[in-house]
Amino acid sequence: MSSVVTPLMTAKAFAALPEPADGSKQELVRGKVVTTPIPGFQHGLIQATIAATLHNFVLANGVGRVTVETGFQTECDPDSVRGPEVAFWSKERIPLEITPQGYPDVAPDLCVEVLSPGDATPAMITKIREYLTRGVRLVWVVDPEQQTVTIYRKPGEGRVVWDDATLTGEDVLPGFTCPVAELFA
């Protein structure tokens with residue numbers, strides 16, 4: 001009996017795929033397409049709040065651009081393409097006059113993930129590690145259930161801020177502040 005080996009997909013081939021008809025989210029993880037369900041209403045509200053808050057700050061200060069679920073390549077051979085729920089690219093990484101086609105060839109400065117009830121901790125840890133290894137400077141993992149944000153600068157070293165704290169952009173987005181509780185309002 002022989003088994004059929006499915007070839008691993010490249011980031012280039014993944015970029016050419018049509019968007020899923022059902023609106024689900026897909027990422028390429030070590031050459032294999034991984035599909036996740038459409039997030040629920042609360043998740044979408046929190047994602048929109050974060051994106052709008054960051055976008056307004058970035059636009060007012062002319063420091064870069066904010067995207068929602070935009071993919072970038074985190075690993076090669078086999079390829080991985082991840083799409084953080086919200087990302088910020090500084091104008092130093094992607095100049096304002098350039099709009100990349102497909103996936104940018106540079107990592108964002110900030111990636112934000114909003115946890116869903118079914119998110120597995122090991123999978124999220126892997127994703128955070130990929131982001132930071134690829135050059136992302138700051139990662140926020142937002143937990144709607146606990147109403148916290150875990151801030152990562154290095155793999156395995158997260159700092160939790162609670163709903164009574166203020167989230168800052170640190171040296172990635174100097175001057176940005178937002179009360180954590182506002183993310184969940």
Side-chain angles (χ1 to χ4, degrees), residues 1-52 54-55 64-90 93-94 98-145 149-156 158:
M1 182 160 148
S2 66
S3 62
V4 176
V5 176
T6 305
L8 298 177
M9 184 173 282
T10 65
K12 184 176 180 178
F14 182 67
L17 290 177
E19 292 199 19
D22 64 357
S24 60
K25 181 177 178 178
Q26 291 183 327
E27 292 183 318
L28 185 65
V29 180
R30 304 193 68 50
K32 296 180 182 177
V33 177
V34 175
T35 303
T36 56
I38 300 168
F41 194 84
Q42 179 188 30
H43 184 113
L45 283 175
I46 292 168
Q47 181 181 0
T49 298
I50 294 165
L54 285 170
H55 175 75
R65 287 183 275 186
V66 174
T67 62
V68 177
E69 297 185 3
T70 298
F72 72 100
Q73 192 166 348
T74 59
E75 294 182 322
C76 296
D77 201 21
D79 294 355
S80 291
V81 174
R82 300 293 195 159
E85 292 175 276
V86 180
F88 160 70
W89 272 272
S90 67
R93 288 198 176 188
I94 299 180
I98 295 174
T99 301
Q101 299 302 308
Y103 306 125
D105 60 0
V106 63
D109 294 88
L110 167 68
C111 288
V112 182
E113 291 289 345
V114 180
L115 295 177
S116 292
D119 280 337
T121 301
M124 185 57 69
I125 290 169
T126 298
K127 190 181 282 193
I128 294 164
R129 182 175 301 279
E130 283 179 37
Y131 289 162
L132 294 169
T133 301
R134 178 64 170 93
V136 174
R137 298 170 54 204
L138 184 62
V139 177
W140 296 340
V141 177
V142 180
D143 186 337
E145 187 175 317
V149 178
T150 305
I151 301 165
Y152 293 90
R153 299 293 298 236
K154 296 178 184 176

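Quick caveat, the model's predicted, so the values are computed rather than measured.
What you find for Gly83 and Lys25 is that their closest heavy atoms are O-NZ, 2.5 Å. The shortest non-hydrogen separation linking Gly135 to Ala107 is C-CB, 4.2 Å. Taking each heavy atom of Asp109 and Ser90 in turn, the nearest pair found is OD1-N, 2.6 Å. The shortest heavy-atom contact between Pro155 and Leu132 is N-CD1, 3.4 Å. Considering every non-hydrogen atom in both Val106 and Arg93, the closest pair reads CG1-O, 3.6 Å. What you find for Val66 and Ala51 is that their closest heavy atoms are CG1-O, 4.0 Å.
Under a 3.5 Å cut-off, the side chain of Ser80 and the backbone N or O of Arg30 do form a donor-acceptor pair.
Val142 pairs with exactly one of Val112, Thr150, Leu115 by the side chain to side chain contact (heavy atoms under 4.5 Å, CB included) rule, that one being Val112.
Rounding to the nearest 0.5 angstrom, the gap separating the CH2 atom in Trp140 from the CD atom in Glu113 is 13.0 Å. Atom-to-atom distance recorded for Glu27:CD and Lys127:NZ is 3.5 Å, nearest 0.5 angstrom.
Aromatic ring orientation, Tyr103 versus Phe14: parallel (interplanar angle below 30°, classes split at 30° and 60°).
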### Message
For Val114 and Gln42: C-alpha separation, side-chain torsions, deciding distance, then whether side-chain contact (heavy atoms from CB on, under 4.5 Å) applies.
### Response
CA-CA 10 Å; Val114 180; Gln42 179 188 30; over 6 Å; no
